Colleague: 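The following block contains the structure, expressed as structure tokens.
Predicted, not measured: the structure shown is a model, and the values here were computed from it.
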Amino acid sequence: TVAKELASRFRELSVALLAEPSDASPCESGCSSESDAATAGTALTDSAALVREVFLLYLRRGTFAGEEGHELAADLRAVRAAGMRLLAVHENDPAQGGVAFSHFLTTTPEDLVEGGLYSSLAVAFHATPFREISIALAAKAMGASKRMGAR
């Protein structure tokens with residue numbers, strides 16, 4: 001999953017999945033929200049031990065489909081009501097369920113769209129060789145930082 005991709009490359013990101021995705025290939029099982037949402041906390045190791053929680057919304061084909069889509073929408077409403085940070089990641093790789101962003105403007109529940117769910121730009125996740133850049137941009141948006149001496 002995208003959350004695991006982020007955590008494996010940025011050790012300062014601690015990831016807790018809301019639901020573990022199935023072992024099915026991308027979109028084989030309809031890309032349900034089970035594999036589309038994670039709560040990711042960034043633990044920054046400074047003297048204040050700052051921890052920020054970020055709800056990671058992984059947008060791909062089927063994100064708001066079926067009963068899981070209704071549950072995801074309810075989770076998003078609760079997250080937004082609680083004032084939790086939200087980071088949308090838009091999958092662009094068709095092999096991973098990527099679709100045009102305009103798809104989400106018609107499949108996302110209207111109250112979420114009108115309430116500003118997409119008022120912040122989603123981080124675009126592209127296929128290799130650009131995937132690493134996408135991952136770095138998402139990690140930075142979640143609070144990860146370049147370590148001293150790192151290239």
Colleague: Among Glu114, Arg77, His70, whose side chain to side chain contact (heavy atoms under 4.5 Å, CB included) with Pro109 holds?
Modeller: Arg77
Colleague: Between Thr108 and Leu105 (side chain of the first, backbone of the second, donor and acceptor by atom type, cut-off under 3.5 Å), is there such a pair?
Modeller: no
Colleague: Would Ile135 and Phe125 count as a side-chain contact (heavy atoms from CB on, under 4.5 Å) here? Give the steps.
Modeller: CA-CA 7 Å; Ile135 290 167; Phe125 259 51; 3.8 Å; yes
Colleague: Can you check whether Asp93's main-chain N or O pairs, donor with acceptor, with Glu91's side chain at less than 3.5 Å?
Modeller: yes
Colleague: Measure the spacing between CG of Leu56 and CZ of Arg85 and express it to the nearest 0.5 Å.
Modeller: 11.0 Å
Colleague: State the CG-CZ distance between Leu57 and Phe104, to the nearest 0.5 angstrom.
Modeller: 8.5 Å
Colleague: Out of curiosity, Leu76 CG to Met84 CE, how far, rounded to the nearest 0.5 Å?
Modeller: 11.0 Å
Colleague: Quick check: closest heavy atoms across Gly115 and Arg80, and the distance to 0.1 Å?
Modeller: O-NH2, 2.9 Å
Colleague: Output the distance between atom CG (Leu72) and atom CZ (Phe64), rounded to the nearest 0.5 Å.
Modeller: 4.5 Å
Colleague: Testing the basics here: between Leu87 and Ala141, what is the closest heavy-atom pair and its distance to 0.1 Å?
Modeller: CD1-CB, 3.9 Å
Colleague: Measure across Val123 and Ala138 and return the closest heavy-atom pair with its distance rounded to 0.1 Å.
Modeller: CG1-N, 3.9 Å
Colleague: Drop me the distance from Gln96's CD to Arg60's CZ, to the nearest 0.5 angstrom.
Modeller: 7.5 Å
Colleague: How are the rings of His90 and Phe101 set relative to one another: parallel (under 30°), tilted (30 to 60°) or perpendicular (over 60°)?
Modeller: perpendicular
